[in-house]
Amino acid sequence: MPRRGRPRNFDRDAVLDRAMQTFWKLGYEGASIADLTAAMGITAQSLYAAFGSKSALYREALGRYRDTAGAFPARALTEETSAVAGFERLLNEAATEYSRPRRPRGCMISTGVLVCAAENRDEAKHVAQLRRDTIDLFRQRLDAAIDAGELAPDADSAGLARYLGAIVQGMAVQAQDGASRDELLAIAQVAVLALKQHRRVKARRA
């Protein structure tokens, strides 16, 4: 049956992509409704009608980021058969993705709402949970590598997961500060070497 009401006169996915870019560039607090509507090409009334609030729009934009520009970590860890290869690919792709020209540098989630006004604490907590989800993903992949005999049985998966998370987040910050792709790749190479030190002796000799 046809839907009732006046149809929206814009492509929702397209305007959400532009909102994502605006939040990514300016941050949650830095992106005003005027900034968002100008980038999205819609009125404030249309923004609230389609997304409900700035907070709801931000959360949806974060989800859009995870499904598009920020999807490479999960893809790398899933598609590569070994954990070391997966993290090496993840870190190398981070160096490329965080320094791409003609779009905001760094990672929308890694550096999202690190500090904020009291009224925006819920947004800070939401983004912090997304970062914790990434750490959990890293730990699960490392635990699987330990179980499979790729990493040493005494490898500290929790510590390694936080270490790798810190590297990824640090790369995002340095990208925002102007670090080049090659400079970020150098960081990635050091982190991969550190991870390889935790492989089982048998796997290392092979």
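As the structure is a prediction and not an experimental result, all values here were calculated from the model. Position 1 is the first residue of the sequence; numbering continues from there.
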For this session: Return yes if some donor-acceptor pair links the side-chain N/O of Arg200 with the main-chain N/O of Leu151 below 3.5 Å, else return no.
Result: no

Seminar exercise, completed: Here the pair of heavy atoms bringing Ala188 nearest to Leu91 is CB-CB, 3.6 Å

For this session: Supply the atom-to-atom distance Leu90 CG to Ile167 CD1, rounded to the nearest 0.5 angstrom.
Result: 12.0 Å

Exercise. Any idea which heavy atoms bring Tyr98 and Ser110 closest together, and the distance?
Worked result: OH-OG, 4.2 Å

Exercise. Got a second to check how far Phe72's CZ is from Asn92's CG, nearest 0.5 Å?
Worked result: 10.5 Å

Problem set entry | Working for salt bridge (charged side-chain N to carboxylate O under 4.0 Å, His left out), residues Arg103 and Glu97 | CA-CA 10 Å; Arg103 80 175 192 191; Glu97 294 298 324; 2.6 Å; yes

Exercise. Side-chain heavy atoms under 4.5 angstrom apart, residues restricted to Ile, Leu, Val, Met, Phe, Trp, Tyr: same cluster for Leu16 and Ile33?
Worked result: yes

Problem set entry | Expected output: side-chain Glu150 to main-chain Val84 donor-acceptor under 3.5 Å | yes

Exercise. What closest approach, in Å, do Gly178 and Glu183 show between heavy atoms, and which atom pair accounts for it?
Worked result: O-OE1, 4.4 Å

For this session: Would you name the heavy atoms of Ser157 and Arg139 that are closest together and state the gap between them?
Result: OG-NE, 3.4 Å

Problem set entry | Shortest non-hydrogen separation from Thr37 to Ile42 and the atoms involved | CB-O, 3.1 Å

Problem set entry | Aromatic ring pairing Phe23/Tyr28, orientation class (parallel under 30°, perpendicular over 60°, tilted between) | parallel

Problem set entry | Ring centers of Phe138, Phe87 separated by less than 6.0 Å | yes

Exercise. Can Ile135 be reached from Met108 by stepping across I, L, V, M, F, W or Y side chains whose heavy atoms are under 4.5 Å apart?
Worked result: no

Exercise. Looking at Arg141 and Glu80, does any basic side-chain N land under 4.0 Å from a carboxylate oxygen?
Worked result: no

Problem set entry | Gln129 atom CD: more than 12 heavy-atom contacts under 6.0 Å | yes

Problem set entry | Exam field: side chain Arg131 to backbone Gly112, donor-acceptor pair closer than 3.5 Å | yes

For this session: Using a strict cut-off of less than 4.0 Å between a Lys/Arg side-chain nitrogen and an Asp/Glu carboxylate oxygen, indicate whether Lys54 and Glu123 qualify as a salt bridge.
Result: no

Exercise. Hey, are the side chains of Phe51 and Val15 touching, using non-hydrogen atoms and a 4.5 Å cut-off?
Worked result: yes

Problem set entry | Under 3.5 Å side-chain donor-acceptor pair for Thr22 and Asp35 | no

Seminar exercise, completed: Only residue of Gln21, Met20, Gln176 satisfying side-chain contact (heavy atoms from CB on, under 4.5 Å) with Pro104 is Gln21

Exercise. Which atom pair, heavy atoms only, marks the closest approach of Ala124 to Cys116?
Worked result: CB-SG, 3.8 Å

For this session: Find the distance between OG (Ser46) and CZ (Arg12) and round it off to the nearest 0.5 Å.
Result: 12.0 Å

Exercise. Does the distance from a Lys or Arg side-chain N to an Asp or Glu carboxylate O, for Glu60 and Arg64, drop under 4.0 Å?
Worked result: no

